[in-house]
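FYI, the numbering just counts along the sequence from 1.
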Amino acid sequence: QVQLVESGGGLVQPGGSLRLSCAASLSIISNSAMGWYRQAPGKQRDLVARITRSGDTNYAGSVKGRFTISRDNAKKMVYLQMNSLTPEDTAVYYCNAANIGYDYWGQGTQVTVSS
């Protein structure tokens with residue numbers, strides 16, 4: 001059973017930064033497209049950023065230029081660097097690993113942007 005464990009969430013002031021980490025229990029990261037999604041209360045879960053096996057990235061328009069997704073296959077880690085945070089970024093952030101035949105999710109980490 002593959003486990004994805006997110007960490008790094010918390011409370012931050014507007015304009016601040018956070019770095020989320022996603023650790024995988026097995027070496028699936030190198031074989032998966034990895035994504036960060038977020039879900040705010042009463043809203044659907046939306047893609048924030050995604051990185052393919054080859055390293056290509058794509059971002060939601062609302063975070064482009066502020067967030068950066070990266071991966072370290074050797075460490076079985078995926079990261080989301082979040083800068084210039086705004087209250088609209090408040091949500092539970094989930095890590096996802098996907099390929100043909102599987103689609104794994106972490107338990108989520110809360111990010112709250114508030115003064």
Side-chain angles (χ1 to χ4, degrees):
Q1 180 73 20
V2 174
Q3 285 187 315
L4 300 175
V5 180
E6 302 96 335
S7 61
L11 174 64
V12 63
Q13 291 187 341
S17 298
L18 282 176
R19 188 196 196 203
L20 304 184
S21 299
C22 173
S25 59
L26 297 175
S27 298
I28 66 165
I29 286 182
S30 61
N31 294 320
S32 306
M34 300 299 301
W36 285 97
Y37 291 72
R38 67 186 181 187
Q39 187 169 20
K43 296 188 177 181
Q44 66 180 21
R45 188 175 298 186
D46 291 326
L47 176 69
V48 175
R50 185 173 179 268
I51 184 167
T52 67
R53 293 171 58 185
S54 60
D56 294 329
T57 59
N58 63 285
Y59 297 90
S62 60
V63 308
K64 197 171 293 185
R66 301 188 297 124
F67 290 12
T68 303
I69 188 171
S70 61
R71 64 196 299 162
D72 187 329
N73 292 338
K75 294 184 178 179
K76 298 182 288 183
M77 297 289 294
V78 177
Y79 306 99
L80 185 68
Q81 178 66 44
M82 306 186 295
N83 299 327
S84 302
L85 286 161
T86 74
E88 289 68 38
D89 296 315
T90 295
V92 178
Y93 285 70
Y94 296 91
C95 180
N96 173 262
N99 203 336
I100 297 174
Y102 64 83
D103 187 21
Y104 297 117
W105 293 89
Q107 83 289 347
T109 185
Q110 176 70 46
V111 172
T112 302
V113 185
S114 175
S115 56

Student: Is N99 close to R53 at the side-chain level, that is, under 4.5 Å between some pair of heavy atoms?
Tutor: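 Counting from C-beta outward, R53 and N99 do come under 4.5 Å.
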Student: Counting distance only, does the side-chain N/O of T90 pair as donor-acceptor with the main-chain N or O of V113 below 3.5 Å?
Tutor: yes
Student: Does Y93 use its side chain to pair, donor to acceptor, with the backbone of S7 at less than 3.5 Å?
Tutor: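 A pair under 3.5 Å: no.
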Student: Can you measure from SG (C22) to CE (M77) and round to the nearest 0.5 angstrom?
Tutor: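 It comes to 7.5 Å.
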Student: side-chain contact (heavy atoms from CB on, under 4.5 Å) for Y104 and I28? Distances and angles first, verdict last.
Tutor: CA-CA 10 Å; Y104 297 117; I28 66 165; 3.8 Å; yes
Student: Would you name the heavy atoms of V111 and M82 that are closest together and state the gap between them?
Tutor: CG2-CE, 3.9 Å
Student: Quick one: are T86 and P14 in side-chain contact, heavy atoms under 4.5 Å?
Tutor: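 Counting from C-beta outward, T86 and P14 never come under 4.5 Å.
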Student: side-chain contact (heavy atoms from CB on, under 4.5 Å), that's the test. Do T109 and R38 meet it? Break it down for me.
Tutor: CA-CA 9 Å; T109 185; R38 67 186 181 187; over 6 Å; no
Student: Can you tell me if T112 uses its side chain to pair, donor with acceptor, with the backbone of L11 under 3.5 Å?
Tutor: no
Student: Inspect the surroundings of CD in Q39 and state if more than 12 heavy atoms from other residues, nucleotides or ligands are less than 6.0 Å away.
Tutor: yes
Student: Side-chain contact test, heavy atoms from C-beta onward, threshold under 4.5 Å: evaluate it for Y59 versus L47 and give yes or no.
Tutor: no
Student: According to the side chain to side chain donor-acceptor pair (under 3.5 Å) rule, which pairs have a member within residues 11-25, sequence neighbours left out?
Tutor: S17-N83
Student: Kindly give the heavy-atom pair with the smallest separation between L4 and A24, and that separation in Å.
Tutor: CD2-CB, 3.8 Å
Student: I want to check something: taking the side chain as every heavy atom from C-beta on, are L85 and F67 in contact at a cut-off of under 4.5 Å?
Tutor: yes
Student: Got I29 and D72 here, is their nearest side-chain heavy-atom distance under 4.5 Å?
Tutor: no
Student: The test is side-chain contact (heavy atoms from CB on, under 4.5 Å); show your working for D56 and I51 and say whether it passes.
Tutor: CA-CA 5 Å; D56 294 329; I51 184 167; over 6 Å; no
Student: With R45 as the cation and Y94 as the aromatic partner, state whether NZ or CZ is under 6.0 Å from the six-membered ring centre and within 45° of the axis.
Tutor: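 Judged by the rule, R45 and Y94 form a cation-pi pair.
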Student: Looking only at non-hydrogen atoms, find the nearest pair between G108 and V92 and report the distance.
Tutor: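 Taking every non-hydrogen atom into account, CA-CG1, 3.8 Å.
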Student: Is the shortest heavy-atom distance from the side chain of V78 to the side chain of I69 under 4.5 Å?
Tutor: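 A side-chain contact under 4.5 Å exists here.
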Student: Between S54 and T52, does any side-chain donor sit less than 3.5 Å from a side-chain acceptor?
Tutor: yes
Student: Applying a strict under-4.5 Å side-chain criterion to I, L, V, M, F, W and Y, I'd like to know whether V48 and L18 cluster together.
Tutor: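 Looking at the clustering, L18 is in the same group as V48.
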Student: State whether the side chain of S32 and the backbone N or O of M34 hold a donor-acceptor pair below 3.5 Å, judged by distance alone.
Tutor: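 Such a contact is absent between S32 side chain and M34 backbone.
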Student: So, are D89 and R66 salt-bridged, with charged N and O less than 4.0 Å apart?
Tutor: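 Yes, this pair counts.
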Student: Output the distance between atom OG (S30) and atom NZ (K76), rounded to the nearest 0.5 Å.
Tutor: 10.0 Å
Student: Mark yes or no for whether Q107, through its side chain, and V5, through its backbone, hold a donor-acceptor pair below 3.5 Å.
Tutor: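 No; judged by distance alone, with no hydrogens or angles, the pair does not exist.
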Student: Go through W36 and N96 one step at a time and tell me if the side-chain contact (heavy atoms from CB on, under 4.5 Å) criterion holds.
Tutor: CA-CA 6 Å; W36 285 97; N96 173 262; over 6 Å; no
